[in-house]
Amino acid sequence: GQTQGQGRDGRTTDQTSPPGPRLDGCAGRPTPHNSSRLKEGVRAVSEGEVFPVPQAWAERAHMDAAGYEAALQRVESDPEGYWRDLASRLDWMKAPTQIKDTSLHKYPFHIRWYADGILNVSVNCLDRHLATRGDQTAIIWEGDGGETTTFTYKELHAETCRMANILKAKGVKKGDRVTIYLPMIPQAAVAMLACARIGAVHSVIFGGFSPDSIAGRIQDCDSRIVITADEGLRGGKIVPLKRNVDEALESCPDVTDVIV
């Protein structure tokens, strides 16, 4: 198969995070992160105003206030047990036995989580959902002009496997670096998931960077493969992505393939 370049910028949906330690700055408490940014006449959302949650939303929520407080108490009293239980929500090739291994001393400084566990991110994002959510929407994309596209889990899985096979056909193997220089389109997610699927390391370059900046990043990670598009659109301005890559490759002789 072959990939097709896309020329429209867009957005994807947000993600949520698991319960963790309390964060200052909530409910209008000023912190160094928000107090200096408030301009006169501009009201911050976190000034203490409470927005009621519709009952229908509350009933299908994955966690209520009581559950959140219980999670906070558990993570403070038994952090290793809490994160061990949370890890069971993922599909592991080899389940971790080492949960938390941290040292905040200067020597040796290290922060490791699930150090001996093995999993595949692509499988956890896609494969585990195919049986029960295969036909549900995984990505909603909206372009600069208002056009929209959706991908189901099955469709996203198929596109990811297709890209992974293209990369393997180009000789990409575990540990190799792949440069991704794309606009904010679904194919960017496909490229990243494909790299994770085969164990390659993806290096994402901001779609507005110049040829010199692209070349520097390709050289820094010793990438041999670049994934890009003909062009992109940012704020109504066309960005000549493929032309930028062509100029960058004049100083990157080790790149063997460009996938558009």
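Below, each value reflects all heavy atoms present in this structure, side chains not excepted, and no hydrogens, waters or symmetry copies.
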Quick check on [X]: does its [atom1] atom have over 12 non-hydrogen neighbours (other residues, nucleotides or ligands) under 6.0 Å away?
{"X": "His110", "atom1": "NE2", "value": "yes"}
{"X": "Lys237", "atom1": "NZ", "value": "no"}
{"X": "Arg243", "atom1": "CZ", "value": "no"}

Please report the interatomic distance [atom1]([X]) to [atom2]([Y]), rounded to the nearest 0.5 Å.
{"X": "Leu126", "Y": "Leu156", "atom1": "CG", "atom2": "CG", "value": "5.0 Å"}
{"X": "Ile198", "Y": "Cys161", "atom1": "CD1", "atom2": "SG", "value": "11.0 Å"}
{"X": "Leu241", "Y": "Arg234", "atom1": "CG", "atom2": "CZ", "value": "9.5 Å"}
{"X": "Arg74", "Y": "Trp83", "atom1": "CZ", "atom2": "CH2", "value": "11.0 Å"}
{"X": "Arg133", "Y": "Lys154", "atom1": "CZ", "atom2": "NZ", "value": "13.5 Å"}
{"X": "Glu80", "Y": "Lys100", "atom1": "CD", "atom2": "NZ", "value": "8.5 Å"}

Arg197 and Ser122 side chains, donor-acceptor separation under 3.5 Å: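 Short answer, yes.
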
Any donor-acceptor N or O pair under 3.5 Å, side chains Asp135, Thr152: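 No.
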
Hey, is [X] close enough to [Y] for a salt bridge, meaning N to O under 4.0 Å?
{"X": "Arg224", "Y": "Asp222", "answer": "yes"}
{"X": "Asp230", "Y": "Lys242", "answer": "no"}
{"X": "Asp176", "Y": "Lys173", "answer": "yes"}

Nearest non-hydrogen partners of [X] and [Y], listed with the distance:
{"X": "Ser251", "Y": "Gln219", "answer": "O-NE2, 2.7 Å"}
{"X": "Pro79", "Y": "Glu76", "answer": "CD-O, 4.0 Å"}
{"X": "Leu119", "Y": "Met93", "answer": "C-CE, 3.9 Å"}
{"X": "Pro240", "Y": "Ile238", "answer": "CD-O, 3.8 Å"}
{"X": "Ala196", "Y": "Val121", "answer": "CB-CB, 4.3 Å"}
{"X": "Leu182", "Y": "Ala188", "answer": "CD1-CA, 3.7 Å"}

Is any side-chain heavy atom of [Y] closer than 4.5 Å to one of [X]?
{"X": "Met163", "Y": "Ile227", "value": "yes"}
{"X": "Pro183", "Y": "Glu231", "value": "no"}
{"X": "Asp101", "Y": "Ile111", "value": "no"}
{"X": "Cys221", "Y": "Thr179", "value": "yes"}
{"X": "His157", "Y": "Leu130", "value": "yes"}
{"X": "Leu167", "Y": "Ile259", "value": "yes"}
{"X": "Val178", "Y": "Ser203", "value": "no"}
{"X": "Ile225", "Y": "Val255", "value": "no"}

is_close_aromatic(Tyr114, Trp92), centroid dist under 6.0 Å: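 They qualify: ring centres under 6.0 Å apart.
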
Answer yes if [X] and [Y] sit in the same cluster of Ile, Leu, Val, Met, Phe, Trp and Tyr residues linked by side chain heavy atoms under 4.5 Å apart, and no otherwise.
{"X": "Ile118", "Y": "Ile99", "result": "no"}
{"X": "Val75", "Y": "Leu86", "result": "yes"}
{"X": "Leu90", "Y": "Trp113", "result": "yes"}

Less than 3.5 Å apart, which donor and acceptor atoms pair up between the side chains of residues 204-217 and the rest of the protein, not counting sequence neighbours?
residue, atom, partner, partner atom, Å
Ser210, OG, Ser213, N, 3.4
Ser210, OG, Ser213, OG, 3.3
Arg217, NH1, Ser213, O, 3.1

Trp141/Ile185 under side-chain contact (heavy atoms from CB on, under 4.5 Å): CA gap, chis, key distance, verdict: CA-CA 7 Å; Trp141 176 83; Ile185 55 176; 4.0 Å; yes

Donor-acceptor pair, side chain of Glu147 and main chain of Gly145, under 3.5 angstrom: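 Judged by distance alone, yes, a pair lies under 3.5 Å.
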
Worked verdict on Ile139 versus Thr150 for side-chain contact (heavy atoms from CB on, under 4.5 Å): CA-CA 6 Å; Ile139 288 180; Thr150 62; over 6 Å; no

Trace of the side-chain contact (heavy atoms from CB on, under 4.5 Å) decision for Thr137 with Phe151: CA-CA 6 Å; Thr137 300; Phe151 284 80; over 6 Å; no

Test log, rule side-chain contact (heavy atoms from CB on, under 4.5 Å), inputs Arg112 and Thr102: CA-CA 6 Å; Arg112 304 188 186 101; Thr102 63; over 6 Å; no

